[in-house]
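Written out below as structure tokens is the structure these notes cover.
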Amino acid sequence: IGAAIAESLARRGAHVVITARTAGGLEELEDRIHDAGGSATIAPLDLTDGDSIARLATAIAERWQQLDMLVLNAAMLGTLTPVGAIDSKEFNKLLTLNLVAQQALIANFDPLLRRAPAGRLVALSTGVARTPRAYWGAYAASKAGSDLIALSYRTTHDLDVVVTRSSNNFGPYQYPEKVIPLFTTNLLEGRKVPLYGDGLNVRDWCHVEDNCAGVDLVLRSGTIGEIYNIGADNESTNRELVDQVLRLLGHDDSMIEWVPDRLGHDRRYSIETSKVRELGWTPSRDFSGALEATVDWYRDNRWWWEPLR
């Protein structure tokens, strides 16, 4: 999502500073932006190191004096473990990246946002931050907390802050551990696809470019201090999703590997999106067509995902 947001902002003429622990792996993103006529800088940033964050803020202040927008997408992903079962080392890392780093980023970049005529912070969050999972899931709880940290700067420091919470995203350049790339790349390599439980858990799917359009609209037109849910109303059971990917790649259900359900697996994610639709946003992609295009992209771009497996 972060890469797609960066490309979207660059297309609108912004110079985008993209942060990562190392520049490795992001040169291709920088090249895509430049090839499209945009402008971008890759800046190394260690989110576990407060001094690293402060140095980046100083460097941006010296070069540009101000910051028009700060898009927070930093998060530790991939853990679906309940709070009561997570390893303490993993939990500390989760809290450091999703909470401590969030506060440090805002504190360091707050002065640069205030120098801009309409500096705005948008915190990219997830729909699970508002579900019952936020009461027991380590990742969801930390993301709910990071939302509150961002919004607290509106309450206590009068900073221009908005939050977006999206449903499940998909599209090109999504890492292979995510479900649609995982199903697709497994099948492309002749491997079975894992399906939890009875396969009837429901998710709403939103193409990443539609999500980016929603975030961009919130950046420009959202009300200060508000939370905007972005979802495309493309609900599908995991079994239905698997069947579509199998069909697109010419396989049958013999390529499904049924695995035991995970602890506390939410039966359904669904978010209410009327607020962002009132701003004028609506998804532009048909789910079936967008899914087929995504599967085709992974089939045609093995060079990108194979090193990440």
Practice task
Would you confirm whether the ring centroid of Tyr298 sits within less than 6.0 angstrom of the ring centroid of Phe183?
Solution key: no
Fill in the blank from the handout: Here the salt bridge (charged side-chain N to carboxylate O under 4.0 Å, His left out) pairs for residues 109-125, sequence neighbours left out, are Asp110-Arg114, Arg120-Asp160
Practice task
Please report the shortest heavy-atom distance between Gln102 and Ala150, naming the atom on each side.
Solution key: NE2-CB, 3.9 Å
Problem - Side-chain donor-acceptor contact under 3.5 Å, Asp46 with Ser52 - result: no
Exercise for the section: With the side chain counted from C-beta on, respond yes when Arg203 and Val179 share a heavy-atom pair under 4.5 Å apart, and no when they do not. Expected result: no
Exercise for the section: Decide side-chain contact (heavy atoms from CB on, under 4.5 Å) for Glu7 and Leu29; before the verdict, give the C-alpha distance in whole Å, the side-chain angles of both, and the deciding distance to 0.1 Å. Expected result: CA-CA 8 Å; Glu7 289 189 78; Leu29 170 61; 3.7 Å; yes
Donor-acceptor contacts under 3.5 Å from residues 54-67 side chains, at least two apart:
unit_1: Thr58; atom_1: OG1; unit_2: Ala54; atom_2: O; d: 3.0
unit_1: Gln65; atom_1: NE2; unit_2: Glu62; atom_2: O; d: 3.1
unit_1: Gln66; atom_1: NE2; unit_2: Asp68; atom_2: OD1; d: 3.3

Handout entry: Considering all heavy atoms, the nearest Ser166-Ile1 contact
Key = OG-CD1, 4.3 Å
Practice task
Taking atom types as modelled, find out whether Tyr153 and Gln103 have a side-chain donor-acceptor pair closer than 3.5 angstrom.
Solution key: yes
Handout entry: Gln244 versus Ser236, closest heavy-atom pair with distance
Key = NE2-OG, 4.3 Å
Problem - Any donor-acceptor pair under 3.5 Å from Asn98 side chain to Lys143 backbone - result: no
Exercise for the section: Give a yes or no on whether the ring-centroid distance for Tyr269 and Trp205 is below 6.0 angstrom. Expected result: no
Exercise for the section: Decide yes or no on side-chain contact (heavy atoms from CB on, under 4.5 Å) for Ile106 and Ile149, but give the supporting numbers first. Expected result: CA-CA 9 Å; Ile106 299 173; Ile149 288 173; 4.3 Å; yes
Handout entry: 4.5 Å side-chain heavy-atom contact, Arg309 and Leu182
Key = yes
Practice task
Search all heavy atoms of Ser167 against all heavy atoms of Ile271 and return the closest pair with its distance.
Solution key: N-CD1, 3.7 Å
Problem - Note, Val163 side chain near Arg154 side chain (heavy atom, < 4.5 Å) - result: no
Exercise for the section: Answer yes or no: is there a side-chain heavy-atom contact under 4.5 Å between Ile230 and Thr273? Expected result: no
Practice task
In plain terms, say whether Arg267 and Asp261 are close enough for a salt bridge, that is, a side-chain N and a carboxylate O under 4.0 Å apart.
Solution key: no
Problem - N/O donor-acceptor pair under 3.5 Å between His207 side chain and Glu209 backbone - result: yes
Practice task
Return the minimal non-hydrogen interatomic distance between Pro176 and Thr185, and the atom names on each side.
Solution key: CB-OG1, 4.4 Å
Problem - Lys/Arg-Asp/Glu bridge criterion (N-O < 4.0 Å) met for Glu257, Arg191 - result: no
Exercise for the section: Establish whether Leu291 and Leu249 are linked, either directly or via other cluster members, by ILVMFWY side-chain heavy-atom contacts under 4.5 Å. Expected result: yes
Exercise for the section: Mark yes or no for whether Lys275, through its side chain, and Ile227, through its backbone, hold a donor-acceptor pair below 3.5 Å. Expected result: yes
Handout entry: CG on Leu187 to CG on Leu248, rounded to 0.5 Å
Key = 10.0 Å
Practice task
Taking atom types as modelled, find out whether Asp216 and Ser8 have a side-chain donor-acceptor pair closer than 3.5 angstrom.
Solution key: no
Exercise for the section: Working to the nearest 0.5 Å, report the span between CZ of Phe170 and CD1 of Ile180. Expected result: 5.5 Å
Problem - Thr223 backbone acceptor or donor facing Tyr228 side chain under 3.5 Å - result: yes
Practice task
Please confirm whether the backbone N or O of Thr282 pairs with a side-chain atom of Asp210, one donor and one acceptor, at under 3.5 Å?
Solution key: no
Problem - CG on Asn301 to CG on Asp296, rounded to 0.5 Å - result: 10.5 Å
Practice task
Look at Asp35 together with Arg32 and state whether they make a salt bridge at an N to O cut-off of under 4.0 Å.
Solution key: no
Handout entry: Close side-chain approach of Leu45 and Leu105, heavy atoms under 4.5 Å
Key = yes
Exercise for the section: Determine whether Leu217 and Val71 fall in the same hydrophobic cluster, where Ile, Leu, Val, Met, Phe, Trp and Tyr are linked whenever their side-chain heavy atoms lie under 4.5 Å apart. Expected result: yes
Problem - Ile18 with Met69, same ILVMFWY side-chain cluster at under 4.5 Å - result: yes
Handout entry: Validation row: Thr164, Asn211 side chains within 4.5 angstrom (heavy atoms)
Key = no
Exercise for the section: Evaluate side-chain contact (heavy atoms from CB on, under 4.5 Å) for Thr48 paired with Leu97, printing each intermediate quantity in order. Expected result: CA-CA 7 Å; Thr48 66; Leu97 292 175; 4.0 Å; yes
Exercise for the section: State whether the side chain of Asp204 and the backbone N or O of Asp233 hold a donor-acceptor pair below 3.5 Å, judged by distance alone. Expected result: yes
Practice task
Could you check if a side-chain atom of Asn92 sits within less than 4.5 angstrom of a side-chain atom of Lys89, using non-hydrogen atoms only?
Solution key: no
Practice task
Give a yes or no on whether the backbone of Lys192 and the side-chain of Asn186 come within a donor-acceptor separation of less than 3.5 Å.
Solution key: yes
Exercise for the section: Say whether Tyr175 and Trp297 are linked into one hydrophobic cluster, either directly or through other cluster members, by side-chain heavy-atom distances under 4.5 angstrom. Expected result: yes
Fill in the blank from the handout: Interatomic distance, CG@Leu279 vs CZ@Arg220, rounded to 0.5 Å, equals 9.5 Å
Problem - For the student: nearest non-hydrogen atoms of Ala4 and Cys212, plus distance - result: CB-SG, 3.3 Å
Problem - Donor-acceptor pair, side chain of Thr184 and main chain of Pro181, under 3.5 angstrom - result: no
Completion exercise
Interatomic distance, CD@Gln174 vs CG@Asn169, rounded to 0.5 Å, equals 7.0 Å
Practice task
Please answer: with hydrophobic residues joined when any side-chain heavy atoms are less than 4.5 Å apart, are Leu72 and Val100 in the same cluster?
Solution key: no
Exercise for the section: Quick one: pull up CD in Glu28 and OH in Tyr173 and give me the separation to the nearest 0.5 Å. Expected result: 4.5 Å
